[in-house]
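One structure is given here, and the rest of the page talks about it.
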Amino acid sequence: MRLEVKELTKMYGPKAGLDSFSAVFDEGIYGILGPNGAGKSTFMSLLTDNIRRDSGCILVDGVECLKMGKEYRRLLGYMPQQQGLYDRMTGRMFLRYMAELKGLSRKESLPVEEELLERLNLADAADKKLGGYSGGMKQRILLAQAMLGNPKILILDEPTSGLDPMERVRLRELLGSLRREKIILYSTHVISDIEEIAEKVVLLYKGKQILESGVQALLEENAGMTLEHICVTYFEQSL
């Protein structure tokens, strides 16, 4: 499968949240990297059609996603950065509810729900209410719901927010096991989150795509620099 984005633009008044972004993604893990406010969440929201683009196109194997309707949504698994959850639901109830929204029958989704609870270290908390979950637990249940239905395109917006070091390692291992079967777009402002697993990184700054590179090449060329400094350097070179 190939996901191709061409000249994708979103304006917020006179300011560009995303400015003529173009990229091609095949199966694998891609870091969408940039400091807060760089345009990462805008890009994710455009991909999921949660906000309207001003121009550009999003193609799946050459077909515009807006023409695909429900077929496109079935391909997507989305983990948002925000942790707005139903506090009175248990973790298990939440996954069942999200599975129903995705049109999955109980018979086909129940084994997957239980597997995800185990893989994401939530089995012991599955029957506890989400209102009592820690920030890290909420991140993990959001990741679990994104993976329901075996999506071919997995979109993760700051997935390690609130996770402790061991949970970050577990997440990297899980995503690494999926890299050959899915397109995984991993939005983050933490380079270390993706340096061991991403095939490539796309660097965003002030809504502009300023670099597409291999992770190790980026780190080697900018050793000792902060992400903000790296972005400013490439942004100034692009002007």
With side chain to side chain contact (heavy atoms under 4.5 Å, CB included) as the test, would you mind laying out the steps for R168 and D193 before giving the verdict?
CA-CA 8 Å; R168 286 173 183 252; D193 280 352; 2.8 Å; yes
Is the side chain of [X] donor-acceptor paired with the backbone N or O of [Y] at a distance under 3.5 Å, no angle test?
{"X": "D164", "Y": "E167", "value": "yes"}
{"X": "Y97", "Y": "Y86", "value": "no"}
{"X": "S22", "Y": "E7", "value": "yes"}
{"X": "K40", "Y": "L204", "value": "no"}
{"X": "E100", "Y": "R106", "value": "no"}
{"X": "R88", "Y": "K129", "value": "no"}
{"X": "E27", "Y": "K152", "value": "no"}
{"X": "E221", "Y": "L218", "value": "no"}
{"X": "E108", "Y": "S105", "value": "yes"}
{"X": "R2", "Y": "D26", "value": "no"}

Kindly confirm or rule out a cation-pi arrangement of K70 over Y72, judged by NZ or CZ under 6.0 Å from the six-membered ring centre and within 45° of its axis?
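Output no; distance or angle outside limits.
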Find the distance between [atom1] ([X]) and [atom2] ([Y]) and round it off to the nearest 0.5 Å.
{"X": "I191", "Y": "H189", "atom1": "CD1", "atom2": "NE2", "result": "10.5 Å"}
{"X": "L156", "Y": "S161", "atom1": "CG", "atom2": "OG", "result": "13.0 Å"}
{"X": "E173", "Y": "L178", "atom1": "CD", "atom2": "CG", "result": "12.0 Å"}
{"X": "F94", "Y": "L122", "atom1": "CZ", "atom2": "CG", "result": "11.5 Å"}
{"X": "L85", "Y": "K138", "atom1": "CG", "atom2": "NZ", "result": "6.0 Å"}
{"X": "I197", "Y": "I29", "atom1": "CD1", "atom2": "CD1", "result": "4.5 Å"}

Does atom [atom1] of [X] have more than 12 heavy-atom neighbours from other groups under 6.0 Å away?
{"X": "D124", "atom1": "CG", "value": "no"}
{"X": "K208", "atom1": "NZ", "value": "no"}
{"X": "K102", "atom1": "NZ", "value": "yes"}

Non-hydrogen side-chain atoms of [X] and [Y] separated by less than 4.5 Å:
{"X": "L154", "Y": "L185", "result": "no"}
{"X": "V112", "Y": "L95", "result": "no"}
{"X": "T90", "Y": "K128", "result": "no"}
{"X": "K200", "Y": "S213", "result": "no"}
{"X": "R170", "Y": "L163", "result": "no"}
{"X": "L116", "Y": "L148", "result": "yes"}
{"X": "E118", "Y": "E115", "result": "no"}
{"X": "F21", "Y": "V202", "result": "yes"}

For a quick check under 3.5 Å, do T9 and D19 share a side-chain donor-acceptor pair by atom type?
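No donor-acceptor contact under 3.5 Å links the two side chains.
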Between [X] and [Y], which heavy-atom pair has the shortest distance, and what is it?
{"X": "L76", "Y": "P151", "answer": "C-CB, 3.4 Å"}
{"X": "Q145", "Y": "L142", "answer": "NE2-O, 2.9 Å"}
{"X": "Q216", "Y": "E195", "answer": "NE2-O, 3.2 Å"}
{"X": "L46", "Y": "I58", "answer": "O-CD1, 3.6 Å"}
{"X": "S45", "Y": "Y78", "answer": "OG-OH, 4.4 Å"}
{"X": "S192", "Y": "R172", "answer": "O-NH1, 4.1 Å"}

Honestly curious: do [X] and [Y] fall in one hydrophobic cluster under the side-chain, below-4.5 Å linking rule?
{"X": "M93", "Y": "L130", "value": "yes"}
{"X": "M1", "Y": "L3", "value": "yes"}
{"X": "I210", "Y": "M225", "value": "yes"}
{"X": "M79", "Y": "L174", "value": "yes"}
{"X": "M89", "Y": "L110", "value": "no"}

Candidate pair S41 and D157, rule side-chain hydrogen bond (donor to acceptor under 3.5 Å, both in side chains), full reasoning:
CA-CA 7 Å; S41 292; D157 195 354; 3.0 Å; yes
Dump the intermediate steps for side chain to side chain contact (heavy atoms under 4.5 Å, CB included) on I153 and K182, then the final yes or no.
CA-CA 6 Å; I153 303 170; K182 300 180 188 298; over 6 Å; no
Run the side chain to side chain contact (heavy atoms under 4.5 Å, CB included) test on V232 and E236 for me, step by step, so that the C-alpha distance in whole Å, both residues' side-chain angles and the decisive distance to 0.1 Å come before the verdict.
CA-CA 6 Å; V232 169; E236 290 176 348; 3.5 Å; yes
Would you call the rings of Y205 and F235 parallel, tilted or perpendicular if under 30° counts as parallel and over 60° as perpendicular?
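Y205 vs F235 ring planes: perpendicular.
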When the ring centroid of Y186 is compared with that of Y30, is the distance short of 6.0 Å?
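For Y186 and Y30, the ring centres are not under 6.0 Å apart.
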Does E113 come within less than 4.0 Å of R92, counting only side-chain N to carboxylate O?
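No, no charged N to carboxylate O under 4.0 Å.
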Test log, rule side chain to side chain contact (heavy atoms under 4.5 Å, CB included), inputs N222 and Y234:
CA-CA 11 Å; N222 302 279; Y234 284 109; 3.1 Å; yes
